[in-house]
Amino acid sequence: MLIPHDTRIALDTVVELVNTAPEGEHGDGLPDTGALHAFAERHHISGVGVLTGKDLHAVHEVRARFAEIFAAADAAVAAALVNRLVAAAGTTPQLTNHDGYDWHVHYFAPDASLADHLAADCGMALAFIVVAGEQERLRRCEAPDCRHAFVDLSRNRSRRYCSSRTCGNRLHVAAYRARRREAAR
């Protein structure tokens, strides 16, 4: 599956955003405007400016909509959710070339809020996945103690864990130890 550079960046951003949601014993990864500003800097989101509690609340709302898209039962549900999200952001597609990148499309207005920027740009990246008939690539980790979101970009769509180094390895080691204990009996 060929994914343009800017779409891949937006997919990485939406995955990290969804994974900041409080879950189980893990608190909110975006608890305040300082964390939100650091998130925007980490993802090179330009034109952020001063963030307020209103921005934080709006990004939390967008994050919840993205989580719904990852949980969508099928492409029709995902498409409806993406359409609502992107329409509410008031998308304004514009061609741009900046920071050493070739021409690509930004889907947000230059003066858009951070929440609208994320909703438009990341929403369109998710739309790209749905349009390509690849909605099943939007997944949650199968580790029982983890439910992080990820986009399965493996060739055969076989990825099961958000990280093979942590969740996958931990489960494989646990299964190995269980087999060893069973064989020792």
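Note that the OG atom of Ser154 and the CZ atom of Arg159 stand 8.0 Å from one another [nearest 0.5 Å]. Rounded to the nearest 0.5 Å, atoms CG (Asp121) and CD1 (Ile45) are 8.5 Å apart. Taking CG of Asp55 as the reference point, atom OG1 of Thr33 lies at 8.5 Å (rounded to 0.5 Å). Atom CD1 of Ile9 is separated from atom SG of Cys122 by 10.5 Å, given to the nearest 0.5 angstrom. Here the straight-line distance linking atom CG of Leu17 with atom NE2 of His43 works out to 8.0 Å at 0.5 Å rounding. Between the OH atom in Tyr107 and the NE2 atom in His117 there is a gap of 12.5 Å [rounded to 0.5 Å].
For the pairing with Val59, the side-chain contact (heavy atoms from CB on, under 4.5 Å) check across Leu51, Thr20, Leu30, Asp116 returns one residue only, Leu30.
Linking ILVMFWY side-chain heavy atoms closer than 4.5 Å, directly or via other members, places Leu153 and Val131 in two distinct hydrophobic clusters. Using a 4.5 Å cut-off between side-chain heavy atoms of Ile, Leu, Val, Met, Phe, Trp and Tyr, with links allowed through other members, Val62 and Val82 fall into the same hydrophobic cluster. Two different hydrophobic clusters hold Leu36 and Phe108 under the rule that ILVMFWY side chains link at heavy-atom gaps under 4.5 Å. Phe66 and Val86 fall within the same hydrophobic cluster, where Ile, Leu, Val, Met, Phe, Trp and Tyr residues are linked whenever their side-chain heavy atoms come under 4.5 Å apart, directly or through other members.
Residues Arg65 and Arg84 have side chains not in contact (no heavy-atom distance under 4.5 Å, counting atoms from C-beta outward). Residues Leu11 and Phe128 form no side-chain contact, since every pair of their non-hydrogen atoms from C-beta on lies 4.5 Å or further apart.
Residues Arg155 and Arg137 share a closest heavy-atom pair of O-NH2, 4.1 Å. In terms of heavy-atom proximity, Phe70 sits nearest to Val15 at CZ-CG2, 4.0 Å. In terms of heavy-atom proximity, Cys162 sits nearest to Phe150 at CA-CD2, 3.7 Å. The minimum heavy-atom distance between Leu56 and Asp32, with the atom names listed, is CD2-CA, 3.6 Å. Across all their heavy atoms, Ala72 and Val77 have their closest contact at CB-CG1, 3.8 Å. Nearest heavy atom pair, residue Ala40 against residue Val48, reads CB-CG2, 3.7 Å.
Among residues two or more places apart in sequence or in another chain, the side-chain contact (heavy atoms from CB on, under 4.5 Å) test is passed with Ala67 by Val18, Arg140. For His106, the side chain to side chain donor-acceptor pair (under 3.5 Å) criterion is met by His98, His104, not counting sequence neighbours.
Checked for salt-bridge contact, Asp28 and Arg63 meet the test: a charged N lies under 4.0 Å from a carboxylate O. Of the charged side-chain nitrogens involved, at least one lies within less than 4.0 Å of a carboxylate oxygen, so that Arg139 and Asp152 count as a salt-bridged pair. In this structure, Arg147 does not pair ionically with Glu23, as no charged nitrogen and carboxylate oxygen lie closer than 4.0 Å.
Other residues, nucleotides and ligands contribute at most 12 non-hydrogen atoms within 6.0 Å of the CZ atom of Arg8. Annotation for Arg42: atom CZ counts as buried by contact number, over 12 foreign heavy atoms lying within 6.0 Å.
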What verdict does the side chain to side chain contact (heavy atoms under 4.5 Å, CB included) test give for Gln94 and Val105, after you've listed the backbone C-alpha separation in whole Å, the side-chain angles of each residue and the deciding distance to 0.1 Å? CA-CA 5 Å; Gln94 295 183 7; Val105 180; over 6 Å; no
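Thr52 contributes a side-chain N or O that, together with a main-chain N or O of Lys54, makes up a donor-acceptor pair within less than 3.5 Å.
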